[in-house]
Participant: 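The structure follows.
These numbers come from the heavy atoms of this one structure, side chains and all, not from hydrogens, waters or symmetry mates. Just so it is clear, the model here is predicted, and its values are computed rather than measured.
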Amino acid sequence: MTIRGLTVSLEGHEILCDLELSVRRGEILALLGPSGCGKTTLLRTIAGLQAPDGGSVSWAGEDQRSVPAHRRRFGMVFQDHALLPHRNVGANVAFGLRMQKVPAAERRRQVAEMLDMVGLDGYERRGVATLSGGEAQRVALARALVTEPKLLLADEPFAALDRPLHDRLLADVRHILTEIHQTAIHVTHDHAEAFAIADRVGLMRHGRIHRTATPQELRDDPQDAWTATFLGLGTIWRPAGKVPSTGDLQTPWGPLALPSATVSDPPGHSADFCLLIRPEAVRPGGSSGVRAHLSDVRVVGDRTVATFDVPGGPPLDAYVPAGVTPGRDYRIALDPKGITLLPPAP
């Protein structure tokens, strides 16, 4: 799928602006961005539910603007499942097949196969109202996939699920989509979800695609301060003055030897640059370094994260052993290997 120069306005406000994007066959692309950046509008425009003001959406070289939504063969999965409440699971999954006039015996076979694939073998006669949130989402996925769509469009499908179920279903869905080589676009505002399900991530900002890259590329090389901040990769500090061509950069946490720092897209010694200080760059508890106050400790996933305050600089997060308590002063030093020079957001 290829999108060129896509522009969409709603009630006089430009939502998408000259947007460019491509998705390869069999690829899972996550659209990731803050609320209001245009993710859902883009999905609806691809599906044919929203008419663009300009630009094109094409599949296999065919412009889709004149193709009505029901003929595009694009499947959709929504956050609220959108299941038919007065029909059982089997009838919900078979709905698209009925619209395609698939014979009854073949419908039953395909429905049974798809329910087995999503882990709901034997659920055909179950009422929709009896399903858990995770089961309902699996039914919605089965309904979208049973018609063998060219493209699957998913709009925040896991947002209403509790975290353990969310993570389990996320892994299952990626496995299913990868196994059948399904081309898919998955919309989310959760970067952990995007990184877990996607082959590539399209970062959206202000109605445009800011960047597309693999999850690993985004982590290792954010390329600008906005991306690093949005993904929560660490603390951004913007010093005054230019990057010194030799010697140390003076920081609130002590001098930093720039030649050892990892430089991403070097800003050419201009005054307009930032430092990304990742948590792994902050080394507390040594005999050298500057004095810092441990103001907060919290558990994030399987790690304990502490926040250190130093006068003249923003708070720094660091990974620390479990059992550390706030309120004490420590000496902290920065490891240049965990620091990246970045330009600000374009």
Participant: Same cluster or not: are L120 and L83 linked, directly or through other Ile, Leu, Val, Met, Phe, Trp or Tyr residues, by side-chain heavy atoms under 4.5 angstrom apart?
Facilitator: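 L120 clusters together with L83.
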Participant: Please give me the minimum heavy-atom distance between L31 and K39, naming the atom from each residue.
Facilitator: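 For L31 and K39, the tightest heavy-atom pair comes out as O-CD, 3.6 Å.
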Participant: Atom NE2 in H175, atom CE in M117: separation rounded to 0.5 Å?
Facilitator: 8.5 Å
Participant: Can you confirm whether the side chains of D309 and H293 place a donor and an acceptor under 3.5 Å from each other?
Facilitator: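 Note: D309 and H293 side chains miss the donor-acceptor criterion.
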Participant: With heavy-atom distances below 4.5 Å as the criterion, would you say the side chains of R278 and L233 are in contact?
Facilitator: yes
Participant: Distance from E62 atom CD to T2 atom OG1, nearest 0.5 Å?
Facilitator: 12.5 Å
Participant: Hey, any chance L341 and I277 share a hydrophobic cluster, counting ILVMFWY side chains that come within less than 4.5 Å of each other, even indirectly?
Facilitator: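 Yes, L341 and I277 fall within the same hydrophobic cluster.
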Participant: Do you know the tightest heavy-atom contact between P252 and V310?
Facilitator: O-CG1, 3.4 Å
Participant: Output, in order, the C-alpha distance, side-chain angles, deciding distance and verdict of side-chain contact (heavy atoms from CB on, under 4.5 Å) for L334 and R283.
Facilitator: CA-CA 6 Å; L334 299 183; R283 301 296 175 85; over 6 Å; no
Participant: Provide the closest heavy-atom pair for W226 versus P34 in the form atom of the first, atom of the second, distance.
Facilitator: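 Looking at all heavy atoms of both residues, the shortest contact is CZ2-CD, 4.1 Å.
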Participant: Is a side-chain N or O of S22 found less than 3.5 angstrom from the main chain of M1, in a donor-acceptor match?
Facilitator: no
Participant: Is there a side-chain contact (heavy atoms from CB on, under 4.5 Å) between F158 and V173? Walk through the geometry before answering.
Facilitator: CA-CA 11 Å; F158 310 128; V173 169; 3.8 Å; yes
Participant: Counting only heavy atoms not in E280, do more than 12 sit closer than 6.0 Å to its CD atom?
Facilitator: yes
Participant: Is there a side-chain contact between V324 and Y330, using heavy atoms and a 4.5 Å cut-off?
Facilitator: yes
Participant: Should the pair R298-D317 be classified as a salt bridge under the 4.0 Å nitrogen-to-oxygen rule?
Facilitator: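 Yes, charged N to carboxylate O under 4.0 Å.
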Participant: Shared ILVMFWY cluster between M204 and F230, side chains joined below 4.5 angstrom?
Facilitator: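 No, separate clusters.
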Participant: Looking at every non-hydrogen atom in both residues, tell me the closest pair between Q182 and K150 and how far apart they are.
Facilitator: NE2-O, 3.7 Å
Participant: Are the side chains of M76 and L49 in touch, meaning some heavy atoms are under 4.5 Å apart?
Facilitator: yes
Participant: Answer yes or no: is there a side-chain heavy-atom contact under 4.5 Å between C17 and R208?
Facilitator: yes
Participant: Can any side-chain N or O of D224 pair as donor or acceptor with the backbone N or O of T227 at less than 3.5 Å?
Facilitator: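 At least one qualifying donor-acceptor pair exists.
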Participant: Are there more than 12 heavy atoms of other residues, nucleotides or ligands under 6.0 Å from atom CZ of R73?
Facilitator: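 Atom CZ in R73 is packed in, count exceeds 12.
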Participant: Counting distance only, does the side-chain N/O of T212 pair as donor-acceptor with the main-chain N or O of G202 below 3.5 Å?
Facilitator: no
Participant: Are D53 and T7 close enough that a side-chain donor and a side-chain acceptor fall under 3.5 Å?
Facilitator: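 Not at all, the side chains of D53 and T7 share no donor-acceptor pair under 3.5 Å.
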Participant: Same hydrophobic cluster for V118 and I197, using side-chain heavy-atom links shorter than 4.5 Å among ILVMFWY?
Facilitator: yes
Participant: Would you call the rings of H191 and F195 parallel, tilted or perpendicular if under 30° counts as parallel and over 60° as perpendicular?
Facilitator: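 Rings of H191 and F195: perpendicular, over 60°.
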Participant: I'd like to know if the side chain of Q64 reaches the main chain of R72, judged simply by a donor and an acceptor atom lying under 3.5 Å from each other, with no hydrogens or angles considered.
Facilitator: no
Participant: Rounded to the nearest 0.5 Å, how far does OH of Y123 lie from CG of D116?
Facilitator: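 Between atom CG of D116 and atom OH of Y123 there are 12.5 Å.
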Participant: Going by side chain to side chain contact (heavy atoms under 4.5 Å, CB included), Q223 matches just one of E217, H210, R211. Which one?
Facilitator: R211
Participant: Is there a side-chain contact between L29 and L21 in this structure, where contact means two heavy atoms from C-beta onward sitting under 4.5 Å apart?
Facilitator: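 Side chain of L29 against side chain of L21, heavy atoms only: contact under 4.5 Å found.
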Participant: Determine, stepwise, if the pair I185 / L151 fulfils side-chain contact (heavy atoms from CB on, under 4.5 Å).
Facilitator: CA-CA 8 Å; I185 299 178; L151 175 66; 4.1 Å; yes
Participant: Determine, for R65 against D63, whether the closest basic-nitrogen to carboxylate-oxygen distance falls under 4.0 angstrom.
Facilitator: yes
Participant: Find out whether V128 and R87 are in side-chain contact, i.e. whether some heavy atom of one side chain is under 4.5 Å from a heavy atom of the other.
Facilitator: no
Participant: Any donor and acceptor pair, going by atom type alone, linking the side chain of S58 with main-chain N or O of G61 inside 3.5 Å?
Facilitator: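 Absent.
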Participant: Starting from V93, can I reach I176 by hopping between I/L/V/M/F/W/Y residues whose side chains sit under 4.5 Å apart?
Facilitator: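 Hydrophobic grouping puts I176 with V93.
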Participant: Charged N to carboxylate O under 4.0 angstrom, R174 versus D172?
Facilitator: no
Participant: Which residue, V89, L97, N92, forms the side chain to side chain contact (heavy atoms under 4.5 Å, CB included) with R143?
Facilitator: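 Single side chain to side chain contact (heavy atoms under 4.5 Å, CB included) partner of R143 among V89, L97, N92: N92.
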Participant: Hey, is E135 close enough to R138 for a salt bridge, meaning N to O under 4.0 Å?
Facilitator: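 No, this pair does not count.
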Participant: Work out which heavy atom in A94 is nearest to a heavy atom in V111; give both atom names and the distance.
Facilitator: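 In this case the closest contact between A94 and V111 is CB-CG2, 3.7 Å.
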Participant: For the residue pair A333 and G289, what are the closest heavy atoms and their distance?
Facilitator: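 So the two residues come closest at CB-CA, 4.4 Å.
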Participant: Is there a side-chain contact between N88 and E124 in this structure, where contact means two heavy atoms from C-beta onward sitting under 4.5 Å apart?
Facilitator: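 No, every pair of side-chain atoms sits at 4.5 Å or beyond.
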Participant: Once you round to the nearest 0.5 Å, how far does CZ of R291 lie from CZ of F308?
Facilitator: 12.5 Å
Participant: Please determine whether side-chain contact (heavy atoms from CB on, under 4.5 Å) holds for the pair M114 and L145, giving the CA-CA distance in whole Å, both sets of side-chain angles, and the decisive distance to 0.1 Å.
Facilitator: CA-CA 8 Å; M114 188 54 61; L145 291 178; 3.9 Å; yes
Participant: Return yes if a side-chain donor-acceptor contact under 3.5 Å exists between H186 and D155, otherwise no.
Facilitator: no
Participant: For a 4.5 angstrom cut-off between non-hydrogen side-chain atoms, does L203 reach I209?
Facilitator: no
Participant: Looking at CD1 of I236 and OG1 of T229, how far apart are the two atoms once the value is rounded to the nearest 0.5 Å?
Facilitator: 4.5 Å
Participant: In Å and rounded to the nearest 0.5 Å, what is the CD1 to CG distance from I3 to L19?
Facilitator: 6.0 Å
Participant: Taking G38's backbone N and O only, do any of them form a donor-acceptor pair with T41's side chain (distance below 3.5 Å, no angle check)?
Facilitator: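 No, the answer is negative, given that no donor and acceptor are paired below the 3.5 Å cut-off.
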Participant: Determine whether the side chains of E193 and T188 contain a donor N or O and an acceptor N or O closer than 3.5 Å.
Facilitator: yes
